[in-house]
Structures are given as C-alpha cells and as structure tokens.
Amino acid sequence: MDFRQLSEQALWDIANPLMDNLMQGSTDIDHARHTRDFTERMRQIVMPEYLEQICKQYQAEKGFFTARTPVRVFKRPDSAAFVWQQGFSKVEGEYVAEMVLVYQDGRYLVDHAMVF
C-alpha cells in the first residue's frame with residue numbers, strides 16, 4: 001500500500017470515521033471503542049488505566065471535544081499523517097488533533113494519535 005497513490009479526499013474519507021470513533025471512545029472513556037482501530041503497537045501503549053487517567057484529566061481541564069476541521073494530510077509511502085483544528089467545550093482557542101494511519105493485515109489502522 002502506497003499512501004501517495006490515494007487522493008486526499010480518499011484519505012480523509014478513511015481517516016475521519018476512525019478519528020470520530022476513537023474520539024467518541026475517549027469522550028465515553030470506553031477503552032474497547034477508543035482502541036478498536038489501533039495497531040498492536042498502540043494497544044500496548046494505551047492501556048485501560050492510562051486512557052481513563054488521560055481522559056479524566058483533559059475533560060476536567062478542557063471539557064469535551066467540539067468541532068474538528070481538516071487542515072492537512074501528509075502522504076508517505078507507508079502511512080499518512082493527518083492534522084485537524086480541534087475545539088474543546090470549556091476552553092477557547094485552537095488545538096491540534098493529529099493521527100498517523102497505516103495499512104496492516106488488510107485494514108487501515110491508527111498508529112499514533114494525539115490532541116494538543
């Protein structure tokens with residue numbers, strides 16, 4: 001799979017539902033949902049206790065996720081990196097949501113994700 005061969009729209013069409021799901025899993029503090037589309041490497045990092053701690057912290061400080069607007073996709077031979085502008089319910093300002101998408105065992109999977 002060479003991600004450079006896919007159109008930007010095709011990549012956004014793949015990435016957005018994956019990001020929607022993991023963010024809803026984060027909002028609900030639902031580990032199974034949050035990690036559903038993670039690579040094994042990411043699953044080893046994001047353990048249930050870790051997810052709960054991080055989610056409770058950001059929800060107390062910033063609130064819940066609000067609007068997310070695509071900014072840019074970066075195509076690589078073996079992955080694509082996505083950047084969105086992200087809002088929160090309790091704080092003003094513009095935040096960044098990012099995700100790295102890979103293709104493994106016939107599936108698109110999330111190999112990195114962060115909001116900052």
Side-chain angles (χ1 to χ4, degrees):
M1 160 63 61
D2 186 340
F3 282 81
R4 297 172 299 176
Q5 303 304 314
L6 297 173
S7 71
E8 286 194 20
Q9 187 59 55
L11 288 168
W12 285 115
D13 289 347
I14 296 164
N16 277 316
L18 297 178
M19 191 62 147
D20 290 344
N21 180 73
L22 76 87
M23 292 185 113
Q24 189 61 54
S26 176
T27 296
D28 298 341
I29 312 180
D30 179 339
H31 183 264
R33 181 172 185 174
H34 182 73
T35 61
R36 180 189 74 193
D37 301 305
F38 279 12
T39 61
E40 187 57 34
R41 185 191 76 76
M42 278 285 285
R43 287 176 192 264
Q44 295 301 315
I45 295 168
V46 184
M47 296 295 180
E49 302 80 24
Y50 175 74
L51 178 68
E52 182 176 359
Q53 176 187 3
I54 295 298
C55 293
K56 286 182 177 180
Q57 179 182 348
Y58 86 72
Q59 290 174 8
E61 294 173 3
K62 294 181 179 82
F64 296 103
F65 300 120
T66 59
R68 187 177 78 240
T69 307
V71 174
R72 176 88 194 272
V73 59
F74 298 87
K75 298 180 190 183
R76 306 167 181 164
D78 61 350
S79 65
F82 300 83
V83 176
W84 293 267
Q85 178 181 319
Q86 179 65 55
F88 282 97
S89 63
K90 284 186 178 179
V91 293
E92 294 183 17
E94 300 171 332
Y95 292 82
V96 175
E98 62 83 12
M99 179 180 76
V100 175
L101 185 71
V102 298
Y103 190 77
Q104 294 178 351
D105 301 321
R107 288 184 61 205
Y108 291 100
L109 298 171
V110 176
D111 196 47
H112 190 271
M114 183 180 291
V115 178
F116 56 95

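The shown structure was predicted, so the numbers you read here are calculated from the model rather than taken from an experiment.
- The backbone N or O of Ala10 sits less than 3.5 Å from a side-chain atom of Ser7, completing a donor-acceptor pair.
- Between the OH atom in Tyr108 and the CG atom in Leu11 there is a gap of 7.5 Å [rounded to 0.5 Å].
- Atom CD of residue Gln86 and atom CD of residue Glu94 lie 11.5 Å apart, to the nearest 0.5 angstrom.
- There is a path of hydrophobic side-chain contacts, each under 4.5 Å, that joins Tyr50 to Tyr58.
- Panel note: side chain His31, backbone Val46; a donor-acceptor pair is recorded below 3.5 Å.
- Sequence neighbours left out, not one pair with a member in residues 71-91 passes salt bridge (charged side-chain N to carboxylate O under 4.0 Å, His left out).
- Residues meeting the side chain to side chain donor-acceptor pair (under 3.5 Å) test with Arg43, sequence neighbours left out: none.
- In terms of modelled atom types and a separation under 3.5 Å, the side chain of His112 and the main chain of Met99 share no donor-acceptor contact.
- One hydrophobic cluster, built from ILVMFWY side chains closer than 4.5 Å, holds both Val110 and Ile54.
- Separation of atoms CD (Gln104) and CZ (Arg41) is listed at 9.5 Å; rounding is to 0.5 Å.
- In this structure, Phe74 has its ring center at least 6.0 angstrom away from the ring center of Phe3.
- Under the 4.5 Å side-chain heavy-atom criterion for Ile, Leu, Val, Met, Phe, Trp and Tyr, Leu51 and Leu109 are members of distinct hydrophobic clusters.
- Between Met19 and Ala97, the shortest heavy-atom distance links the atoms CE-CB, 3.8 Å.
- Between the side chain of Gln59 and the main chain of Ser26, a donor-acceptor pair closer than 3.5 Å is present.
- Rounding to the nearest 0.5 Å places CZ of Arg107 at 12.5 Å from CD1 of Ile14.
- No side-chain donor from either of Gln53 and Glu49 sits under 3.5 Å from a side-chain acceptor of the other.
- A continuous path of Ile, Leu, Val, Met, Phe, Trp and Tyr side chains, each step under 4.5 Å between heavy atoms, connects Ile45 with Val115, placing both in one hydrophobic cluster.
- Leu6 and Val102 are assigned to two separate hydrophobic clusters, defined by single-linkage of ILVMFWY side chains at heavy-atom distances under 4.5 Å.
- Put simply, the side chain of Phe82 does not reach to within 4.5 Å of the side chain of Asn16, judged on heavy atoms.
- Counting non-hydrogen atoms of other residues, nucleotides and ligands closer than 6.0 Å to CG of Asp2 gives a total above 12.
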- Query: How far apart are the C-alpha atoms of Phe65 and Phe88, what are their side-chain angles, what is the distance that settles it, and do they pass the ring pair (Phe, Tyr, Trp, His ring centres under 6.0 Å) test?
  - Reply: CA-CA 5 Å; Phe65 300 120; Phe88 282 97; 5.3 Å; yes

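- Of the N and O atoms on the side chains of Asp13 and Gln9, at least one donor lies less than 3.5 Å from an acceptor on the other residue.
- Considering CG of Leu18 and CZ of Arg36, their distance stands at 7.0 Å, rounded to 0.5 Å.
- Shortest non-hydrogen contact noted between Ile29 and Lys56 is CD1-CG, 3.9 Å.
- Ring planes of Trp12 and Trp84: perpendicular class, angle over 60° (limits at 30 and 60°).
- Atoms CZ and OG1, on Arg33 and Thr27 in that order, are 9.0 Å from each other to the nearest 0.5 Å.
- No donor-acceptor distance shorter than 3.5 angstrom exists from the side chain of Ser89 to the backbone of Gly63, with no hydrogens or angles considered.
- Phe64 belongs to no hydrophobic cluster with other residues, because no ILVMFWY side-chain heavy atom falls under 4.5 Å from its own, directly or through intermediates.
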